[in-house]
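We use all heavy atoms of the structure for the numbers below, so side chains are in, but hydrogens, waters and symmetry mates are not.
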Amino acid sequence: MNKKYKLLATALITAAMLLCSACGAYEESSSETQTQSSTALLTTEKAADSSLSTAQPETKAAVSENSMKLTVGDTDFDIALENNETVSALKELMPLTIDMSELNGNEKYYYLDTALPSAPVKVGNISAGDVMLYGNNCLVVFYKSFSTSYSYTKIGHISETSKLESTLGNGSINAAFSMPSNEHSGNTLVAYFSRTGNTEKIAEHLIELTGADSYVINAAIPYTDADIKYQDDSCRANKEQNDKSIRPEIASPLSSIDSYDTIFLGYPIWWGQEPRIIDTFLESFDFSDKTVIPFCTSGSSGITASEANIKALVPIGKQMSGRRFSASASEKEVSDWLGSLDIQLKIDIIYTAQDLRDLSDFILGKSADSDLEGKDYDLDDDGIWSSFDLCLMRQKVRVPDTKSEAI
């Protein structure tokens with residue numbers, strides 16, 4: 001490749017990375033993202049190679065907090081969200097699967113069971129892709145542009161509308177709204193309760209290995225050290241475990257598990273059984289069409305009794321045999337267990353800093369596609385590897401985890 005074209009390729013990479021910065025609010029909130037220059041690739045690689053971990057489940061859930069995903073059939077649409085109280089309240093309902101009705105040949109609507117904060121204004125013109133709230137509980141997605149005298153509260157906008165009308169038109173639709181964390185799992189959730197951090201460590205291995213969404217089951221009244229002092233017969237944990245009717249309240253419970261097919265359910269073993277808060281979680285949803293895979297941590301007690309309790313508690317579509325792990329279980333142990341399970345997981349590809357370097361070298365002409373045979377680098381599905389793929393890859397880089405685990 002001659003010097004002229006190398007300079008052009010470098011300019012394209014720089015432009016793409018600056019484009020990433022422009023929409024940096026989707027993955028980072030720092031002003032540093034908005035001022036990235038042509039050193040963006042180098043900065044990203046250094047961050048990915050750094051010993052400082054940022055790829056925790058919390059980070060995955062926080063990526064693109066100002067965006068939401070709408071799924072209709074096999075088609076996904078990204079919604080760029082407004083920054084207002086309506087959006088904040090709507091996020092609390094995620095994930096949300098609803099049947100939206102047709103109106104006027106230009107919109108789909110659904111009346112939510114919950115009223116949201118609203119600040120309606122006369123918008124004048126509707127653009128295809130607008131997502132708005134009518135009144136305080138009517139969620140509307142517009143797939144055509146037109147003028148209107150009605151007032152709405154703005155929620156967000158779908159910028160890529162080429163398939164919007166063909167996907168949403170013609171009658172009612174089943175629509176699934178979700179936050180970007182769901183992009184990592186497709187259909188898998190890791191839900192877990194962890195008082196001391198042991199179960200959390202196993203859950204984090206699962207999340208990293210599968211790309212699954214995660215949900216931490218936290219007690220509305222947190223458990224203190226005194227609450228789990230098993231030598232004390234009057235401690236909270238002992239009282240709960242001795243009374244199978246107790247259901248501790250969950251803080252910030254999930255609104256739905258409808259979008260998941262497979263759920264890994266994790267917990268510590270308390271007196272040979274699952275903690276009662278796990279029973280609360282199980283009784284909160286319909287698992288009759290789900291695959292549930294328990295996993296637990298303990299000093300010596302097995303998982304068998306808790307598996308039997310779970311099976312007897314609620315109808316479950318398919319409950320697979322679980323696994324007990326010690327507090328010191330490695331990621332390889334968890335990976336080996338996953339490999340032994342007869343399940344198909346929808347796993348999103350997580351790219352590394354080396355992938356960034358390889359794709360960058362290819363764009364700059366330093367390597368040929370034959371050197372990267374078998375690599376899935378066409379992230380925007382346009383049939384070629386380009387600087388835009390590099391921009392998308394940057395959002396999916398997996399950073400090595402060297403954080404000390406809590407015990």
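- Nearest heavy atoms, Ala329 versus His205: O-NE2, 3.8 Å.
- For Glu307, the side chain to side chain contact (heavy atoms under 4.5 Å, CB included) test picks out Pro294, Ile303, Gln319, Ser321, with sequence neighbours left out.
- The nearest pair of heavy atoms linking Ser118 to Gly135 is CB-O, 3.5 Å.
- Judged as a ring pair (Phe, Tyr, Trp, His ring centres under 6.0 Å), and not counting sequence neighbours, the contacts of Tyr152 are Tyr134, Phe142.
- Atoms CD and CD1, from Gln273 and Ile269 in turn, are 8.5 Å apart once rounded to the nearest 0.5 Å.
- Tyr192 and Glu204 form no side-chain donor-acceptor contact under 3.5 Å, judged by distance and modelled atom types alone.
- Side-chain contact between Thr196 and Ile228 is present, with heavy atoms from C-beta onward closer than 4.5 Å.
- Taking CG from Leu81 and CG from Leu90, the interatomic distance works out to 8.0 Å, rounded to the nearest 0.5 Å.
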_Pair Trp270-Arg276, side-chain contact (heavy atoms from CB on, under 4.5 Å): steps then yes or no_ = CA-CA 9 Å; Trp270 285 3; Arg276 295 289 168 241; over 6 Å; no
*Run the numbers on Lys290 and Thr262 for side-chain contact (heavy atoms from CB on, under 4.5 Å), then give the verdict.*
CA-CA 6 Å; Lys290 310 297 181 187; Thr262 302; over 6 Å; no
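- A distance of 12.5 Å separates CD in Glu249 from CG in Asn218, rounded to the nearest 0.5 Å.
- Checked by atom type and distance alone, the side chain of Ser340 pairs as donor or acceptor with a backbone atom of Trp337 at under 3.5 Å.
- Taking a cutoff of 4.0 Å between a charged side-chain nitrogen and a carboxylate oxygen, Arg195 and Asp225 qualify as a salt bridge.
- The CG atom of Asn198 sits 11.0 Å away from the SG atom of Cys296 when rounded to the nearest 0.5 Å.
- Of the inter-residue distances, the one linking Ile217 atom CD1 with Ser252 atom OG reads 12.5 Å to the nearest 0.5 angstrom.
- Side-chain atoms of Thr167 come within 3.5 Å of backbone atoms of Lys163 as a donor-acceptor pair (strictly under, hydrogens ignored).
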_Could you walk me through whether Thr71 and Asp76 satisfy the side chain to side chain donor-acceptor pair (under 3.5 Å) test, starting with their C-alpha distance in whole Å, then the side-chain angles of each, then the deciding distance to 0.1 Å, before giving a yes or no?_
CA-CA 4 Å; Thr71 302; Asp76 294 335; 2.8 Å; yes
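- Between Thr199 and Thr297, the side chains place a donor N or O and an acceptor N or O closer than 3.5 Å (distance only, hydrogens not considered).
- Within 6.0 Å of atom CG in Asn125, more than 12 heavy atoms from other residues, nucleotides or ligands are found, so the atom counts as buried in its surroundings.
- Judged purely by atom type and a 3.5 angstrom limit, Asp232 uses its side chain to pair as donor or acceptor with the backbone of Ser234.
- Of the inter-residue distances, the one linking Thr153 atom OG1 with Ile155 atom CD1 reads 7.5 Å to the nearest 0.5 angstrom.
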*Going through the checks in order, is the side chain to side chain donor-acceptor pair (under 3.5 Å) test met by Ser335 and Glu333?*
CA-CA 5 Å; Ser335 178; Glu333 289 180 68; over 6 Å; no
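- Counting heavy atoms from C-beta on, the side chains of Ile277 and Glu240 never come closer than 4.5 Å.
- Checked against the 6.0 Å centroid criterion, the rings of Tyr223 and Phe193 qualify as a close aromatic pair.
- Minimum interatomic distance between Leu139 and Leu133 (heavy atoms only, all atoms of both residues): N-CD1, 4.1 Å.
- Here the closest heavy-atom approach between residue Glu82 and residue Lys154 is recorded as CG-O, 3.7 Å.
- The shortest distance between side-chain heavy atoms of Leu265 and Ile278 falls below 4.5 Å.
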*Take Tyr143 and Phe77, measure what ring pair (Phe, Tyr, Trp, His ring centres under 6.0 Å) needs, and give me the verdict at the end.*
CA-CA 12 Å; Tyr143 58 90; Phe77 300 96; over 10 Å; no
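- When all heavy atoms of Tyr109 and Glu102 are compared, the pair lying nearest together is CE2-O, 3.7 Å.
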*side-chain contact (heavy atoms from CB on, under 4.5 Å) assessment of Leu189 paired with Leu254*: CA-CA 12 Å; Leu189 174 70; Leu254 282 176; 4.1 Å; yes
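- A pairwise comparison of heavy atoms in Ala226 and Cys235 identifies O-CB, 3.5 Å as the closest pair.
- Surrounding OH of Tyr111 are at most 12 heavy atoms belonging to other residues, nucleotides or ligands under 6.0 Å away.
- Within the 4.5 Å cutoff, no side-chain heavy atoms of Asp213 are placed close to those of Thr188.
- Using modelled atom types and a 3.5 Å distance limit, the side chains of Ser306 and Asn309 yield no donor-acceptor pair.
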_Criterion side-chain contact (heavy atoms from CB on, under 4.5 Å) on Leu209 and Leu206, from CA distance to verdict_ = CA-CA 5 Å; Leu209 289 165; Leu206 279 170; 5.6 Å; no
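- Formation of a donor-acceptor pair under 3.5 Å by the Asp130 side chain with backbone atoms of Ser127 is found in this model.
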